[in-house]
*Asks:* 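Have a look at this one.
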There are 2 protein chains.
Amino acid sequence: MREDTRSRIQEVALELFTEQGYEATSLREIAEELGVTKAAVYYHFKTKDEIVASLAELWAAEMDGLLSWVRSQPKTAPMRRELLLRYAAKLREPRYVGIARFLERNQTALRHHPRIFRMREVLVELVGEMSEPGMSTTTRVSRFMALYTLHAGKWVAGDGPLAEQDLAEASIEVALGLLEP
Amino acid sequence: MREDTRSRIQEVALELFTEQGYEATSLREIAEELGVTKAAVYYHFKTKDEIVASLAELWAAEMDGLLSWVRSQPKTAPMRRELLLRYAAKLREPRYVGIARFLERNQTALRHHPRIFRMREVLVELVGEMSEPGMSTTTRVSRFMALYTLHAGKWVAGDGPLAEQDLAEASIEVALGLLEP
DNA sequence: GTCTATAATCCGATAGAC
DNA sequence: GTCTATCGGATTATAGAC
């Protein structure tokens, strides 16, 4: 009942990249964790970068979808609220929670990786779509932090006992509060 | 008018670690940037880790100071406001802005570094000191994000033209807003 | 304090057998 | 698809001359 090796490589790589960082994780570690050799990994991915690209791809598609949706919408307060809720929902989808954590934690190491670079841009563009002419810097920061809270809110827990579900809901509440003037 | 080599190593290392990430930066690069050899660097620092430790040390001392101050204070709203302003002021001191950025960007790579004072942990402890019994999760997230906004607020700019001074003031304003219930 | 030289190890990546 | 074996180069770190 085993999955195909390619998927298992992605799975293990995602975990190790997230836990240790991209640069600190070698293909040898990934291979050993899987019980295969480095050469086997290279059969499925031509380079280490390609593993990252394959991980970022699904997320990139989601973000492009969200971006084109928001561009078809009028720039109103209800739209901003809806955008925030959609973004929060994406972040909580099981297949994306791991990828989101991986991207959050490897921004610096991968900042010159074209697909990762795009992720940062998307956030900035989303804030751009939430902008209005003559908006104050404070409002701009506030709207940026509204989206960012959906990422950072879960870091409150530390290694404490706060329930995940509870934290996610609280983060959305705080984020919504940041959208109001 | 040159500084001593030890300080220059710290200076260059801080810049490269921040720009490229800790793991992606080699001692060869640091040495070359300084116009000396690797061996010269090793005379001043026994290991690569030790450079990081020396960088984190000043910041750790500042944070310990802030923590012990806050623990001597009553848990009131004015105290929380004062804590936030003090934290913001530290982050803006010229000798700490670089170190703060370095720590922000290398959380994952250095998360198993024993001597690193983890910024996330400090934030969690500071938030703990801002806690009250029976506080809702939403309030807790809100207070965490208040402090975190002081870090993340400056990321709004992307590569855009927003003035640094303007951003810093706006971040403080948003952060103060997050302290109010 | 800084150098040259080098040890020992690990890396990403490839060739070619099976 | 996975293997063994290896290449070429980079890495951290050390020894010892000056």
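Per chain, numbering begins at 1; letters A, B, ... match sequence-line order.
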*Asks:* Measure from OH on B:Y42 to C1' on C:dA7 and round the result to the nearest Å.
*Replies:*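 From B:Y42 OH to C:dA7 C1': 13 Å.
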*Asks:* Between D:dA10 and B:S26, is there an OP1 or OP2 to side-chain N/O distance shorter than 4.0 Å?
*Replies:*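 For D:dA10, OP1/OP2 do not have a side-chain N/O of B:S26 under 4.0 Å.
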*Asks:* Is A:R92 salt-bridged to A:E164, going by a charged N under 4.0 Å from an acidic O?
*Replies:*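 Looking at A:E164 together with A:R92, the answer is no, because their closest N to O distance does not fall below 4.0 Å.
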*Asks:* Report the distance from atom CD1 of A:I51 to atom P of C:dC11, rounded to the nearest whole Å.
*Replies:*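 Interatomic distance, CD1 of A:I51 to P of C:dC11: 14 Å.
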*Asks:* Answer yes or no: is there a donor N or O on one side and an acceptor on the other, between the side chain of A:E29 and the main chain of A:S26, under 3.5 Å?
*Replies:*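 Yes; at least one donor-acceptor contact below 3.5 Å.
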*Asks:* Checking side chain to side chain contact (heavy atoms under 4.5 Å, CB included) between A:I116 and each of A:N106, A:L103, A:T108, which is the one that passes?
*Replies:*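 Between A:I116 and the candidates, side chain to side chain contact (heavy atoms under 4.5 Å, CB included) is satisfied uniquely by A:L103.
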*Asks:* Taking the side chain of A:T5 as heavy atoms from C-beta outward, which of D:dT2, D:dT12, C:dA15 is closest to it?
*Replies:*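 Among the listed nucleotides, the one closest to the side chain of A:T5 is D:dT2.
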*Asks:* What's the NZ-P distance between A:K38 and C:dT9, to the nearest Å?
*Replies:*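 Interatomic distance, NZ of A:K38 to P of C:dT9: 16 Å.
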*Asks:* Is a donor from one side chain sitting under 3.5 angstrom from an acceptor on the other, for B:Q73 and B:R80?
*Replies:*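 Side-chain D/A pair, B:Q73 to B:R80: absent.
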*Asks:* Rounded off to whole Å, could you give me the CD1-to-C1' distance for the B:I9 and C:dG1 pair?
*Replies:*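 Result: 11 Å.
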*Asks:* How many whole angstroms separate atom CD of B:E32 from atom P of C:dC3?
*Replies:*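 For the pair B:E32 CD and C:dC3 P, the rounded distance is 12 Å.
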*Asks:* Would you indicate, yes or no, if D:dC3 has its OP1 or OP2 atom less than 4.0 angstrom from a side-chain nitrogen or oxygen of A:T37?
*Replies:*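 Result: yes.
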*Asks:* Whole angstroms only, please: what is the NZ-P distance between A:K46 and D:dG1?
*Replies:*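 To the nearest whole Å, that distance equals 16 Å.
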*Asks:* Rounded to the Å, how far apart are A:H44 NE2 and D:dC3 C1'?
*Replies:*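 In whole Å, D:dC3 C1' lies 12 Å from A:H44 NE2.
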*Asks:* Go nucleotide by nucleotide along DNA chain C from the 5' end; which of B:A40 and A:E29 gets its closest nucleotide reached first?
*Replies:*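 Upstream on the strand: B:A40.
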*Asks:* Within this structure, what is the CG-to-P distance between B:L27 and D:dA13, rounded to whole angstrom?
*Replies:*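 The answer, rounded to whole Å, is 7 Å.
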*Asks:* Reckon B:Y43 has a side-chain N or O less than 4.0 Å from the OP1 or OP2 of C:dT2?
*Replies:*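 No.
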*Asks:* Is B:R28 close enough to D:dT12 that one of its side-chain N or O atoms is under 4.0 Å from OP1 or OP2 there?
*Replies:*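 So the side-chain polar atoms of B:R28 never come under 4.0 Å of the phosphate oxygens OP1 or OP2 of D:dT12.
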*Asks:* Count I, L, V, M, F, W, Y as connected when their side-chain heavy atoms are under 4.5 Å apart, and connections chain through other members. Are B:V124 and B:L178 then in the same cluster?
*Replies:*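 No, B:V124 does not connect to B:L178 through the hydrophobic network.
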*Asks:* Would you indicate which nucleotide in D:dT14, D:dA13, C:dT14 comes nearest to any side-chain atom of B:A39?
*Replies:*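 Nearest nucleotide to the side chain: D:dT14.
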